[in-house]
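Since the structure comes first, as C-alpha cells, the remarks are kept for the end.
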Amino acid sequence: SGADGDGGADGADGGAGGAGGVGGAGSYETLMKDVVLRLIETLETRESDRLFQLLLEAPAVPDSVITVMSDCVSRHEEESHVLIGLNAMMNIALRRGGPTHQRQAALRGVLRLSAHPDDSVRDKVTRLTVNRLWPCPELKSVVEEEATRLLAELEKAGARALVEATEAAKARAEAEAAAAKAKAEAEAKAAKEAEARAAAGAAMEEDEDDEEEDEALPEGGAGAGAGAQGGAGGAGGGGAGADGQGGSGGVGGEQSMSEESVKCYLALPAAVSCRVADLFKQLFTLYASLHDPQTNVHVAETGSGDEGRMMPPGVAGVVANAIETHLPTVVDFALKQLMAGPALMHLISDAPPHATPLVLRMLRLVADRTLSKAGSAASSDAKECFEAAKAIRAARDGNDIRYMIPWLGVADDAYLFLNLAKLMPVIDPKAEKGPGGPLRLVEFEAALRAIVSAAGKPNSDGAVTRAAMIVGVVVGFITDIQKPVAPIKSVSNAFQVLVTTPVVGNKALETTLRGLSRTKPCPPLLGKLLLMAVKQQPNLGQFVCNEVMPALVANEIWSEKERWKGFLLLAKSYAVEKPPHCLGVLLTLPYKQLRDVTKIAPAAKEPLTNYVKRHAQNAEMAGLSKESKKLLGL
C-alpha cells in the first residue's frame, strides 16, 4: 500500500515505491508459504479453522502456496497434518471467491495426491474428491480429466507390456529353433565322422584318437550349438529385459511397476467410474484388452481366492489384477451414493466379452451388498437384480450358470430345480478353466452359500430345510445309474462339498439321509455316498449305523445288486468291536446276506461272534438262524 501511495505522490518516490512493491509481492508469497506451512505443522485438528479462515480471507493465494501445501501433505506421516492440509486445499477449491482457475489450482493440488504411494493418503484423497469436490459443477470436469489421464497411463503401460511379451516370446521361440537346428547338424556331422573312423581301421590309432577328439568337439558344430544356446539365452534375456523394461518404466516412467504402484493410478478412476459412464466403460475395456487371446501370448492361472483367474503376463497381469482389486471401490461408491443395485448392474450389460471375469466379480459384489440384510432376498431390489443377472447371462453366455450364482438365493424352487444340474462341479484337468468351463468345487460351494443363507441363519429351520432339499436333489440325480441327470463323477464331487461345507451342516445331512434310506428303492449310489460322508465327517458314523443301515435292511437293500454293493462297503467299515459299529444291524440280515458280509470282510466274524455272546439273552440273537450261527462258529 505504501508503494501505491508513494508512486502517486512523486515520480522518483513512485519508482522507489514500485520497486518496493515488487519486493513486497515476493515477500507476500514467501510469507504466505511460511505461515501456511507453520500452521499445518503446528495446529491441532480442532484449531484448523484458523488456517482455513486465513486461506479464504487472504487477498491472494498464489499457486506456489498450493504447491507447497500439496508437497507438505505428500511428505508428512502425521495423520492430523495430512488431514489439515487436505481440508485446507478443499476449502480453497469449494469456498474461496474470485477466479475459478484459483479454485481449480487447489483442486489439482488435491488430485496430485490421488496417486500417492501411501494407501491411507490415497484413500483420503479419493473419498474427499468423490464425495466433496467432484459434485461441484466448476470442478467436475477437472476431476474427470485427471481420472481419465490416470487410466490412460495404465492403458499405455498394459499395451506396451503385451507387445513386449509377444516380441520376447517370438525371440525365444526363434532362438530355440536355431539351437535345435544347430544341435541336429552337429550330431549328424559327428555321426559321419564316426563312420569314417570305423572304416579307416585300427591301424590308424593316432588318427583315430584325433578323430575321437573331433567327435567330442566337431568342427564348427559345438561352437554353433553353444552359439545357438547362447542365442536362446540372449533372446530369453531380451524377453526378461522387455518385461523388465515394461516394469521398470512404471506407469509414469522410471519407477518399477508393482501392484502397489498400479493401485496409485486406479484409486481415483475406480471411484469416479461409477458416476461417469464413459470412464466405467474405459475401465472394463482396458481390462478386456489385457485378456484378449489375440494379444496375449501366455496367460497364467492365479489360483488365488475363489477365482482361479487366468492372468496375462508381467505388467499386463499387474494392471488387470489391480483393476479387479479396485472393483469393490466402484460398487461401494455407487451403491452408497449414486444408485441402487439394478441400475449398477445395467452398467455392465455392454461390457466387452473378454471382461467376463470382471463382470462375474461385480455381480458377486453387488449381491453381497444388496443381500447383506436379513430378508433382503425378498426385496424388490433383489428381484430386479435377479432379473438383470438373467438378462446379462442370456446376452453373454446362456449356458454359463456362473452369472446366476450370487443371486440363487433370490430364485424360487422351480428355477433351482431347473438349474441345479448345471451347478455340478467337475474335476478334470482337460476341462476348460474359467468362464464357460465346468464349475469348480469352490464355485459350487459359493452357490450353496447363496441358496442356503438366503433361507435363514445357519441351523435355522429355513436354512436346514433348504439345505436338505439340495442334498436330496443332488443324490437323486442318480436314481437311474444308466441315465443319470448329471454325471456320476460330478454328483460325487458335489456330495463331497455338501458333506464338508459348514453351509449345510450335520442337521440337514441327517434329515436328508434318514429320508433317503427309507425310500424304496433308495438311490443306487447311496451306500457309496454314505461311505464318503463318514470319511469326511466321522461324527456321522453312529448316526449311519443306528438309523440309516437299519432302514436299508428293512427295505431289503440286497434285492438290487448296485445298492447292495454300497451297503457291503459300509458293513466292512463298521463291522468292528468298538463304536461306532453296525454289528447288531448285520446280525438281522438273512443267512445269505450275512455270508456276503463275511466274504467281503472276513475279519468281521470275530466281532460278530463276540457280539452274539454278549447279547445272547436278546430276542434278536435268540432268533438267529442255525445257518448263521454255524457261519459264525456258534
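When a residue number appears, it is its place in the shown sequence, counting from 1.
Using modelled atom types, no side-chain atom of Asn506 and backbone atom of Leu540 make a donor-acceptor pair closer than 3.5 Å. The closest donor-acceptor contact from the side chain of Ser517 to the backbone of Leu552 lies at 3.5 Å or more, if one exists at all. Under the 3.5 Å distance criterion, the side-chain polar atoms of Asp397 are matched with a main-chain donor or acceptor of Asn399. In this structure, Ser379 contributes its side chain and Ala382 its backbone to a donor-acceptor pair below 3.5 Å. The backbone N or O of Leu569 sits less than 3.5 Å from a side-chain atom of Ser573, completing a donor-acceptor pair. In this structure, the side chain of Gln537 engages the main chain of Val499 through a donor-acceptor pair within 3.5 Å. Between the side chain of Arg514 and the backbone N or O of Glu547, no donor-acceptor pair lies under 3.5 Å.
Between Met362 and Leu358, every side-chain heavy-atom pair lies at or beyond the 4.5 Å cut-off. Put simply, the side chain of Phe444 does not reach to within 4.5 Å of the side chain of Ile405, judged on heavy atoms. Two residues are said to be in side-chain contact when any heavy atoms from C-beta on lie closer than 4.5 Å; Arg393 and Asp400 fail this criterion. Side-chain contact check for Thr519 versus Cys522: some heavy-atom pair is nearer than 4.5 Å. Proximity of Cys582 to Leu570: side-chain heavy atoms (C-beta onward) are nowhere separated by under 4.5 Å. Looking at Phe567 and Leu526, their side chains never come closer than 4.5 Å, going by heavy atoms from C-beta outward. Side-chain contact between Val534 and Tyr574 is present, with heavy atoms from C-beta onward closer than 4.5 Å. Contact of the Gln542 side chain with the Cys545 side chain is registered, since non-hydrogen atoms from C-beta on lie closer than 4.5 Å.
Rounding to the nearest 0.5 Å places CG of Leu516 at 9.5 Å from CG of Leu529. Here CE of Met404 is found 8.0 Å from CG of Asn419. Values are rounded to the nearest 0.5 Å. We find the CD-CZ distance between Glu443 and Arg402 to be 4.0 Å, quoted to the nearest 0.5 Å. Distance CG/Leu139 to CE/Met90: 11.5 Å, rounded to 0.5 Å. The distance from atom CG of Leu83 to atom OG of Ser120, rounded to the nearest 0.5 Å, is 9.5 Å. Between the CG atom in Leu327 and the CG atom in Leu283 there is a gap of 7.5 Å [rounded to 0.5 Å].
By the 4.0 Å N-to-carboxylate-O rule, Glu560 lies too far from Lys520 to be salt-bridged with it. At a threshold of 4.0 Å, the pair Arg466-Asp413 counts as salt-bridged, since one of the basic side-chain nitrogens sits closer than that to a carboxylate oxygen.
Nearest heavy atom pair, residue Leu363 against residue Met345, reads CD2-CE, 3.2 Å. Residues Ser492 and Met532 come closest through the heavy atom pair O-SD, 3.6 Å. In plain terms, the two heavy atoms of Met424 and Ala494 that are nearest each other are SD-CB, 3.7 Å. The minimum heavy-atom distance between Ala389 and Trp407, with the atom names listed, is CB-CD1, 3.6 Å. Residues Val110 and Val125 share a closest heavy-atom pair of O-CG1, 3.5 Å. Taking all atoms of both residues into account, the shortest heavy-atom contact from Ala355 to Arg396 is C-NH2, 4.1 Å.
Heavy-atom contacts from other residues, nucleotides or ligands closer than 6.0 Å to NZ of Lys572 number 12 or fewer. Heavy-atom neighbours of Lys281 NZ from other residues, nucleotides or ligands within 6.0 Å: at or below the threshold of 12. Counting heavy atoms of neighbouring residues, nucleotides and ligands inside a 6.0 Å radius, atom CG of Asp461 does not exceed 12 of them. Atom CZ of Arg132 sits in a sparse spot, with 12 or fewer heavy atoms from other residues, nucleotides or ligands closer than 6.0 Å. Heavy-atom neighbours of Lys535 NZ from other residues, nucleotides or ligands within 6.0 Å: at or below the threshold of 12.
Each of Ile470, Leu408, Val464, Thr465 was compared with Val452 under the side chain to side chain contact (heavy atoms under 4.5 Å, CB included) criterion, and only Ile470 meets it.
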Evaluate the criterion side-chain contact (heavy atoms from CB on, under 4.5 Å) for residue pair Leu420 and Leu423; output intermediate values, then yes/no.
CA-CA 5 Å; Leu420 204 52; Leu423 290 168; 3.5 Å; yes

Can you check side-chain contact (heavy atoms from CB on, under 4.5 Å) on Leu513 and Val475, steps first, answer last?
CA-CA 10 Å; Leu513 296 177; Val475 177; 5.7 Å; no

Apply salt bridge (charged side-chain N to carboxylate O under 4.0 Å, His left out) to Glu146 and Arg112, showing your working.
CA-CA 9 Å; Glu146 178 64 9; Arg112 280 182 59 203; over 6 Å; no

Take Phe417 and Met469 through the test side-chain contact (heavy atoms from CB on, under 4.5 Å) and record every step on the way to the result.
CA-CA 10 Å; Phe417 283 133; Met469 180 270 287; 3.7 Å; yes

Would you sort out whether Tyr403 and Leu360 count as a side-chain contact (heavy atoms from CB on, under 4.5 Å), showing the intermediate values?
CA-CA 6 Å; Tyr403 292 98; Leu360 293 173; 3.7 Å; yes

